[in-house]
Protein chains: 2
Amino acid sequence: MIRVAIVEDDPLTAELHTAYVERLDGFEVIGSAGNAREARKLIGAADAAIDLVLLDLTLPDIGGLDLARAMRSAGLSIDIIAVTAVRDIAAVQTAMSFGAVQYLIKPFTFQVFQEKLLAYAAYRSRLSSASSATSQAEIDRLLAVPRSSSAAAALPKGLTAATLDAVSRALRESPAPLSAAELAERGDLSRVTARRYLEHLADIDLASREPRYGTPGRPEVAYRWLSHPSPDRL
Amino acid sequence: MIRVAIVEDDPLTAELHTAYVERLDGFEVIGSAGNAREARKLIGAADAAIDLVLLDLTLPDIGGLDLARAMRSAGLSIDIIAVTAVRDIAAVQTAMSFGAVQYLIKPFTFQVFQEKLLAYAAYRSRLSSASSATSQAEIDRLLAVPRSSSAAAALPKGLTAATLDAVSRALRESPAPLSAAELAERGDLSRVTARRYLEHLADIDLASREPRYGTPGRPEVAYRWLSHPSPDRL
DNA sequence: CGGGTTGCGTTCATATTGGTCACCGGCGTG
DNA sequence: CACGCCGGTGACCAATATGAACGCAACCCG
């Protein structure tokens, strides 16, 4: 059983992540913390014996990266999966230098989450089953992270990962909600295709629909990128 | 230029590693230290601006792992490659939790050493060229590099080095991205073969896929050569 | 209050390309 | 010399974005 602590300031998101973890066999949630102070207490508790921390990098009191540093200073080698909405390469690099084993970008679907945690579990069992490494090649094999392609299989028929990625990016980078027609113009796509992908994003709760009234003609629905998916969608 | 510090207690080995580093283009040795105290001074020097430390884990005064911890405590996110004769899984795991990007077992050949450092260089240039990541997939791609090894060495079944070389060259010399059909026409290959090799190049991150939208019919995917570290050095 | 107008949502046929499978020719081997 | 393995090829079926046609939901005007 891999014992997980969740450090996340938004209670709704924390609850969602807890539910995610508990859906996976072999994982259990030991506790959660909403800020760094609580997290320190949680992790420091003698009977906790935590294996893995899902660490949000944006906490109210001190940054998650500082918390990670503090953990390392204390000599704790608990594994960390960084969870954040920050899409900053520098943050990624810093997190990795503190020994984060994975970097998850919010919001994520259960599939992506599952993939990362299962990869971690595999890594963990590999390490524990091998008592001592005998060669460089073996070390390399132990540390290798398997290429994941399970996410692609979860796509409904007729949709492409590359296109979905392009649509997601365009929507995310737009400050205002986008209609299918507007996104089509930006992304060199047809209106029909743009709508299909936007509908998919809305279906998996990565985007919300917002009808626009007030103009003549049939109302146009605009889509807004969601950074906090609702937890009722399990 | 990647600035390297070498921390190694045995002078002969330190010299050897220095020579190894200097055989590689794009790397330079800033200094070396024989124990943790010297290492701290070397790394702390304001004008050092060190990118990478080759860190021996068995030092006379304090352990290399403790030095790594001290570096992290100080907020330094300098990359570390752990170098040691210790074949202990626990040490590997601890080193990785302190954010080591590689783990090299002494003694190693120049080949192995080169492979690890070139992989690191690729990882680094990838990170610096991308200012902000846009998707989980991209993060995964960025982070996959440093820990996977010998990707180029082992060719999958059904591929030939000569053909791969020809395809690589053709793609590299083309200013615009090329589709499989286009490359087939240029290179005297069938579309099928061209596609197989282009897919391989994309899989090992030497090329990127870019679907072309806007025209009726199924979108055509074009491949673009990614210009990072020199492949002629292999 | 109801019919007309206006756009967008939705569906469907179509145009292309992707992916796969069974063959073919060549090279090494016994 | 026959055999077997292996990589490249042609042709097939499946996949996926496009454009146009149709229908619907909200505004507007009489």
Side-chain angles (χ1 to χ4, degrees), chain A residues 147 149-171 174 176-204 207-224, chain B residues 152-171 174 176-204 207-224:
Chain A
R147 285 256 166 188
S149 53
S150 64
L155 277 179
K157 276 291 184 197
L159 273 64
T160 298
T163 308
L164 182 61
D165 202 51
V167 169
S168 303
R169 180 174 346 196
L171 186 60
S174 162
L178 246 47
S179 74
E182 288 161 356
L183 190 137
E185 199 165 355
R186 290 195 186 205
D188 273 345
L189 284 170
S190 76
R191 188 173 59 92
V192 178
T193 303
R195 201 194 70 85
R196 274 224 324 277
Y197 282 91
L198 287 170
E199 276 299 312
H200 174 67
L201 285 176
D203 278 344
I204 61 174
S208 67
R209 301 181 182 87
E210 300 180 1
R212 291 206 280 232
Y213 305 105
T215 59
R218 181 167 177 164
E220 181 181 36
V221 9
Y223 300 81
R224 177 200 301 278
Chain B
L155 245 54
K157 273 290 186 195
L159 275 70
T160 297
T163 311
L164 182 59
D165 204 48
V167 169
S168 302
R169 183 171 10 236
L171 188 60
S174 162
L178 248 47
S179 76
E182 287 162 357
L183 189 135
E185 199 164 355
R186 291 195 187 201
D188 266 348
L189 285 171
S190 75
R191 188 184 62 85
V192 180
T193 303
R195 198 193 71 85
R196 273 225 319 277
Y197 283 91
L198 287 171
E199 277 298 312
H200 173 66
L201 285 176
D203 276 344
I204 62 172
S208 66
R209 301 183 184 88
E210 298 180 4
R212 294 205 277 232
Y213 304 104
T215 60
R218 180 168 174 162
E220 182 179 34
V221 0
Y223 300 81
R224 177 199 301 277

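Side-chain atoms are counted along with the backbone in the values below, which use heavy atoms only and exclude waters and symmetry mates. Letters go in sequence order (proteins before strands), and every chain restarts at 1.
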(request) Please examine the side chains of A/Val167 and A/Leu189, heavy atoms only from C-beta on, and report whether any two atoms are closer than 4.5 Å. (result) yes

(message) Using OP1 and OP2 only, check whether a side-chain N or O of B/Tyr197 sits under 4.0 Å from D/dG8.
(response) yes

(request) Would you classify A/Thr193 as touching base, sugar-phosphate or nothing, given that sugar-phosphate means primed atoms plus P, OP1 and OP2, and contacts are heavy atoms under 4.0 Å? (result) base

(message) On DNA chain D, does the nearest nucleotide to A/Ala194 precede the nearest nucleotide to A/Tyr213 from the 5' side, or the other way round? Give the residue.
(response) A/Ala194

(message) Under 4.0 Å, heavy atoms only, any strand: does A/Thr215 hit a base, just the sugar-phosphate, or nothing?
(response) sugar-phosphate

(request) Send over the distance from B/Leu164 CG to D/dG7 P, rounded to a whole Å. (result) 13 Å

(request) Calculate the interatomic distance between B/Leu183 atom CG and D/dG8 atom C1'; express it in whole Å. (result) 14 Å

(message) Are A/His200 and A/Leu155 packed together at the side-chain level, in the sense that at least one heavy-atom pair is separated by less than 4.5 angstrom?
(response) yes

(message) Taking the nucleotide of DNA chain D with the nearest heavy atom to each, does A/Gly214 or A/Ser190 sit closer to the 5' end?
(response) A/Ser190

(message) Within a 6.0 Å radius of atom CZ on B/Arg186, are there more than 12 heavy atoms belonging to other residues, nucleotides or ligands?
(response) no

(request) Scan A/Thr163 against the nucleic acid and name what it touches under 4.0 Å (heavy atoms): base, sugar-phosphate only, or nothing. (result) sugar-phosphate

(request) Round to the nearest Å and state the distance from A/Glu210 atom CD to C/dC8 atom C1'. (result) 17 Å

(request) Going by the side-chain contact (heavy atoms from CB on, under 4.5 Å) test, name the single residue among A/Arg209, A/Glu182, A/Glu210 that passes it with A/Tyr223. (result) A/Arg209

(request) Indicate the atoms forming the closest heavy-atom contact of B/Tyr213 with A/Asp188, along with that distance. (result) CB-O, 3.1 Å

(request) Kindly point out which of D/dG7, D/dT18, D/dC27 is positioned nearest to the side chain of B/Arg196? (result) D/dG7

(request) State whether the distance check finds a donor on one side and an acceptor on the other, under 3.5 Å, for side chain A/Arg191 versus base C/dG9. (result) yes

(message) How long is the straight-line distance from CZ of A/Arg224 back to CG of A/Leu178, given to the nearest 0.5 Å?
(response) 11.0 Å

(request) Figure out the CZ/C1' separation between B/Arg195 and C/dC21, and round it to whole Å. (result) 13 Å

(message) Whole angstroms only, please: what is the CG-C1' distance between B/Asp188 and D/dG7?
(response) 17 Å

(message) Without decimals, in angstroms, what is the distance between A/Glu199 CD and C/dT11 P?
(response) 11 Å

(message) For the CD atom on A/Glu199, are there more than 12 heavy atoms of other groups (residues, nucleotides or ligands in this structure) within a distance under 6.0 Å?
(response) yes

Is there any protein nitrogen or oxygen under 3.5 Å from a nitrogen or oxygen in nucleotides 12-16 of chain C, and what are the pairs?
{"residue": "C/dA15", "atom": "N3", "partner": "B/Gly217", "partner atom": "N", "Å": "3.4"}
{"residue": "C/dT16", "atom": "O2", "partner": "B/Arg218", "partner atom": "N", "Å": "2.8"}

(message) Would you say A/Lys157 places a side-chain N or O within less than 4.0 Å of OP1 or OP2 belonging to D/dT16?
(response) no

(request) Nearest whole angstrom, please: distance from the P of D/dA17 to the NE2 of A/His200. (result) 12 Å

